[in-house]
Amino acid sequence: MLNRIPLILFCLIQSISYSQDAEIVDYKTNVMIINNKLHTSISKVIQINNRNGEKYCDILIHFKKSNKILNLAASIEDTSGNLIRTLKKTDYKDVSNISNFSLFEDDYVRKFTLKHNYYPYRIKYSYKTIYQDFIEIENWQPVDELDLPILNAQLIVDCPINMELKIINKNITQPVINILNNRKIITCQTTYSGKLKREIFCGDIKDYLPSATIIPENFNYGIPGSTKNWIAFGNYFYKLGDGLDDLTEVEKNKIIELTSHVTSTSDKVKILYNYLQSNFRYINVSVELGGLIPYPASYVSKNKYGDCKALTIYMQTLLKTCNIDSYYSLVYSGLYPPNLTNDTVIDKFNHAILCVPIEGDTIWLENTSGIITMGYVGTSTQNRMALIIKEGASHLAKLPKLNMQNVLNERTISTTLGNSEVTVNATILNRAYNYELTNSFANYLNNNEQEKYISEIVSIQNSSINHWDIKNNIQDSAKNQLTLTLTLPYTSQTYGEDVFLNPFPFSLPQMEKPQLRKLPVNIPYPIHLIDTIKYSIEQNIYRLMNNNFNSESKYGKFNINVTKTDSAIILIKELIINSNNYSLDEYADFYKFINQIDKANRNQIRLIYN
Amino acid sequence: MKKISFIITFIILAIFGVIAQTEIQTLGVIELSDLSMKEYEKDPEAEALILFDYGQSRLIDNNSGSYDLYYTRHFRIKIFKKSGIKFGEIEIPIYQENNNREKIEEIQAFTFNLNDNGIQKTKLDEKNQTYEEKLESGWIIRKFAMPDVKEGSIIDVKYTISSPYLFNLRDWNFQSTIPTVFSQYDVAMVPFYQYSFILQGANKFDHQESKKSSTNRRFAGIEYNDMINRYVMVDIPAFKDEEFISGIDDYILKLDFQLSKIFSPYGGAVNISTTWPALIKDLSKSISFGRYVKSSSSASKKIITELNIADKSEEEKIKIISDYVKLNFKWNGKSGKYASNTPKQFFKEKSGNVAELNLFLVSLLKAAKIETWPAILSTRGNGRILLDYPFYHYFNYTIVVAGSEHKVLIDATENLLPYNQLPARCSDGKALVINPDKVEWISLKNNTVSDKIQKFEISVGIEKDQFEIKYKNESNGYDALNYRSSFANKTLTDDFKFAAEITDEEMVVTNYDKIELPLEIAFNFSKPLEKTEDKIFISPFINFAPTTNIFTQNERKLPIDLIYIHKRHYQTTLTIPEDYKIGELPTNQTIDNDLFQLFYKIEKKSENELIIDAGYYFTENIYDAKDYQKLKQMYNLMILKFNQKIILKKKNS
């Protein structure tokens, strides 16, 4: 009896130690190039260890209309290999798989679920796909789910011996290349622990996961192309876009007339960009090879809409009509760009913009937004390489970096000091991310919907919004002005002689403790916030305690300055977090800085009754 | 084919010719005044406006001995703002099952803009500008983006769907997220099919009329005239979404139809469902419902014998059998009042939809000789059931009612909830018990109080300049479910990230598997000391008490649906350091009314120990809109009170 007590206690109390719910036992990708076609075969064995692991019983196989799934076989086995059940044709469904930013894509997903109720059990499935057109032979990223370990993943690429190709691999052992039966066989192997998690400012998690990209020097995707160098790769895109400037003479004349009253190139660009923004909209329809091949200008002209490629081609055509040179440019749109160098050609682009060299400067035109200011390079395209498409002269060029002034968000708050309900008037100048966010409100949300998000931007806790208004592109620059009136239940709390003021803290990133942090820090653009807060007072009966704070380091700075006049307490705060990369070794120092400013940021302002 | 279309058009015109259509405008012909309109004076903030929305449904003889349903919709939208341009993206859902598919007969659509040359009209190219999206549910969405849509545009869209599904008489939404000037739905009924309707969101129509069509029609040798029913609403405001509502479908102004009776031209009639007893009888006989339970009975009897529970009490038996189903069979995440697979398939896959799981549970409980019935309900946001209208299609979920004296409601889908607690998605309205002997409704009102007690033992570490806190959290009900789900997803530490960075190893969880017991979570953490030369400032519940009001609207129009009843309790034991004494203490406070209760009490347990005991309690899970401001005010009071600081002073200061 005594022996049983510890066991019972063990059952009732558990310090958290999670078991592995599921794991990929084996994941094989075999790619064979036969007659310039890509035969890709996948086979996967997933072991489900308990009920929580059953989220991995829902299998999704993505495919395009033109690349059907062949030879699908799937079954459940126990761990001894005894067959429990096989998948029948009626057990799966093919449904559309359209991204939320698209009207239509001819992408589909085959869905099925295989479950059993005795653990552990294994789900096995395999299928094949044949691709006629491809740029990459394989972009192998075996980790789909961060918490799902892989015991063995293998990629085998089998191609003609004379096929020139490049292998770009990350976080795997060096790929092995063998020659067998006059074929080139590339083998990549990896495992994955299932332990990585996304962390704040950790950059792109894919940079820490195993991957291998196999790129042929010569490819065919719609038309032949080459990845020998950026010039050759750019020529491929040039040819794709060649002849798409098919505006009618009537439309050309209209465009010329539109700009006939101005002479300077920059004024013409401005008029044409404004014409694009006012009359055309972003609608993405991607069918067949449309993910890469643009629609012609006539498509945009007819529909008055297009995707980023089509709208960029159209804008380029408008400029060309007015004899202004511009270059179709490819870029990766996202917070963390891939590292592109002159040495290695790899297709890591997902967006098209227009490069307009003008009067010794370059204007970058984002053609999908009907509202942003001309030439704005935002948080998802700043500070990275773009491929400028120019016949015989394509090259990488750097997009400008958001500087401290570009990212400055300024709040001016005016309120009264009080223990009960008070009114707060605030004016917020939004730049960078908040500018983009408020722009997207204006583009997509009605007033009722916008109000739900306004409080996120205002970042004043516990407030009710009475009235608000947004003015876009103040002074023709990339900033919005949000003015609002709020009600707060109080701005101060009194305890005996002590009075504490709500300091309207900034919303700061909550970084992991150093002992929990696993990945380096990557801050893609700086954070710059300035607050000017005025608390009106009816009587000058307060004594100001020393609430000032100054901290500055290589990571940034934070200043708090509180002053008092006869009629008001004035609080001015400025916060800067620099854009940079920090190694894991340096994380403890970075954390200390952030922690210190976060504490000061939250500290209430203290006054004493005189 | 052309000829058939012409005949159908002729029939439709003939049917509806009887009711004057002065309000309805011709497709492709617009008013200049509409095009020049800058804003809608009744709602100047509106991003777009439905100028009119006109629908027609009618039954047309398909020459195969039955009818097809034809549905035509013609609407016109004025775009005012950039955010209104999205209304230029149109989706038309059509249904497909096996080889039977609804068909879009024709889409005609135009965009109108006003430019220097006058009115510019752009036609949709149906062949090249429309696309089909295939959904998992069997629905297909025909979608298109209207060309040339910008601020100021008018779009004019008309389409016709033919459907072999006579049960799928299109419902009609009078209301949208933008205002509507005029909305009309005409339904032509033939004598062989009877439909019932429910109007939600209003007591009556602005205009309603029924008239006999003057056109004689003939079906199976019987001559008849259609009965034209017209439903009109005008000046319908935009539906404004609010926090804490179950779902837009529960509130929007709409008209729902259901096929209720089929009359044979050769005599006799089949009731689809006209009364609750008839509906119960239908379900009891259905192969996917009542007969599903019977089909499972031999397997159930075998399992009950193996469970060996003959000597247990009824309550124990119900618990053991429910837990057996939860442990051995899994919910595939799909709702439904009907089983979609056979019992054989369900046993083989060990997984099924809501109905399969719960109908199997009914079969097991019946095999154990426990009085048990299935019950059907409508989940939150799926539309409300009105007791006067025996409509099938609102019901989307099946649960179990078991027990002879004390009735227990069971749902076997959620293994992290006690057997006798329904998931929050079921906590709305009433469930209809499918007992062929009587009509019985069971209230789903969620009286379960989800209680969370959070205890803090705070000591002041002067040397380290920090508070040391021992934290313990005991929860039950849906609060415990939320934590248990986080534990299952390995994200429990994330739930406390707002307060402290805790590792998995630093957290102790008790009773995770003992679903019927409160879940306990404990860990220790520290916080920086807030102090001056002679004072220490302490928030007794650290930052665990709410700091942001959940009620932030200035006006409330819809009821406030908190889903379940919340009770929160905070208890702190504060050890005062030796050389400090109490400086300032918050005062005790109590609020006790029908809506909300609050208490805050500080007690000096010993010379150096304070007990701070506080809590609040929402007495209801659903409140009237009129109570919103009171709740907001009381919640503010709570925030203020629960975040007040205790001030300790140095003894010699």
Side-chain angles (χ1 to χ4, degrees), chain A residues 11-18 51-52 54 85 93-96 98 103-104 108 111 113 115-117 147 278-279 281 283 285 302-305 370-371 441-449 455 461-466 487 489-490 493 495-496 498 500 510 512-513 515-516 545 599 603 606, chain B residues 45-47 82-83 85-86 89 129 131 133-136 143 145 147-150 177-178 238 240-241 328-330 332 348-351 415 487-490 492 497 501 503-505 507-514 528 530 532 535 547-549 552-554 583-584 636 639-640 644-645 647:
Chain A
C11 292
L12 290 175
I13 302 171
Q14 51 193 122
S15 186
I16 298 184
S17 165
Y18 292 118
R51 196 175 187 123
N52 291 337
E54 292 200 323
R85 192 157 83 79
K93 262 187 182 171
D94 292 344
V95 298
S96 293
I98 299 173
L103 176 75
F104 183 74
Y108 295 86
K111 287 184 168 185
T113 301
K115 277 186 187 174
H116 189 49
N117 65 337
D147 64 344
S278 310
N279 293 287
R281 70 198 206 269
I283 295 278
V285 174
K302 178 187 172 192
N303 296 313
K304 299 287 190 291
Y305 61 68
I371 205 162
F441 290 171
N443 263 329
Y444 302 110
L445 306 179
N446 64 32
N447 280 25
N448 184 228
E449 292 159 338
S455 55
Q461 278 198 341
N462 213 9
S463 58
S464 306
I465 298 172
N466 304 330
T487 304
Y490 57 92
Q493 285 177 293
Y495 307 97
D498 294 288
F500 289 90
Q510 295 299 299
E512 295 86 359
K513 275 182 184 172
Q515 59 267 39
L516 297 175
M545 302 308 288
K599 190 183 159 196
N603 264 352
R606 187 168 161 240
Chain B
E45 286 191 344
E47 56 195 327
K82 264 204 161 35
S83 62
I85 291 174
K86 61 177 174 277
E89 286 174 47
Q129 289 177 324
Y131 306 93
E133 179 175 0
K134 200 175 162 193
L135 305 186
E136 199 173 355
K143 55 201 317 199
D148 203 9
V149 179
K150 51 192 167 189
T177 51
I178 50 175
K240 308 264 184 202
D241 197 9
N328 290 285
F329 296 86
K330 272 141 271 172
N332 62 14
K348 193 172 118 187
E349 294 183 7
K350 310 291 181 197
S351 154
N415 67 319
F487 184 85
N489 293 325
K490 303 180 180 173
L492 189 57
K497 219 171 179 175
E501 281 276 329
T503 62
D504 291 341
E505 294 74 25
M507 193 174 259
V508 175
V509 175
T510 312
N511 296 339
Y512 170 73
D513 295 327
K514 307 279 174 192
E530 210 181 314
T532 60
K535 288 176 191 165
T547 54
T548 301
N549 201 332
T552 54
Q553 291 171 231
N554 287 320
E584 292 286 338
N636 262 341
I639 290 172
L640 191 61
Q644 276 186 340
K645 291 177 196 294
I647 300 183

So, the side chain of [X] versus the backbone of [Y]: is there a donor-acceptor pair under 3.5 Å, distance only?
X: B:Asp241; Y: A:Asn448; answer: no
X: B:Lys143; Y: A:Leu103; answer: yes
X: B:Lys86; Y: A:Tyr444; answer: yes
X: A:Asn462; Y: B:Asn549; answer: yes
X: B:Lys350; Y: A:Asn117; answer: no
X: B:Lys330; Y: A:His116; answer: yes

Problem set entry | For A:Tyr495, all residues meeting ring pair (Phe, Tyr, Trp, His ring centres under 6.0 Å), sequence neighbours excluded |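 Only A:Phe500 meet the ring pair (Phe, Tyr, Trp, His ring centres under 6.0 Å) criterion with A:Tyr495.
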For this session: Could I get the full list of ring pair (Phe, Tyr, Trp, His ring centres under 6.0 Å) partners for A:Phe441, not counting sequence neighbours?
Result: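 For A:Phe441, the residues satisfying ring pair (Phe, Tyr, Trp, His ring centres under 6.0 Å) (neighbours in sequence not counted) are A:Tyr453.
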Name the region of [X], side chain, backbone, both or neither, that has any atom closer than 4.5 Å to a heavy atom of chain B.
X: A:Ser278; result: backbone
X: A:Leu445; result: backbone
X: A:Asn447; result: side chain
X: A:Asn466; result: both
X: A:Asn52; result: side chain

Contacting region of [X] [heavy-atom separation from chain A under 4.5 Å]:
X: B:Ser351; value: side chain
X: B:Asn554; value: side chain
X: B:Asn636; value: side chain
X: B:Leu640; value: both

Problem set entry | Straight-line distance of A:Glu512 CD to B:Thr503 OG1, nearest 0.5 Å |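 A:Glu512 atom CD to B:Thr503 atom OG1 measures 13.0 Å (nearest 0.5 Å).
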Problem set entry | Interatomic distance, B:Glu349 atom CD to A:Arg85 atom CZ [nearest 0.5 angstrom] |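 Taking CD in B:Glu349 and CZ in A:Arg85, the distance rounds to 4.5 Å.
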Exercise. Hey, are the side chains of B:Lys645 and A:Asp498 touching, using non-hydrogen atoms and a 4.5 Å cut-off?
Worked result: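 Answer no - side chains too far apart.
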Exercise. Do you know which of A:Lys513, A:Lys304, A:Gln493, A:Arg281 has the most heavy-atom pairs under 4.5 Å to chain B?
Worked result: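 Answer, by heavy-atom pair count under 4.5 Å with chain B: A:Arg281.
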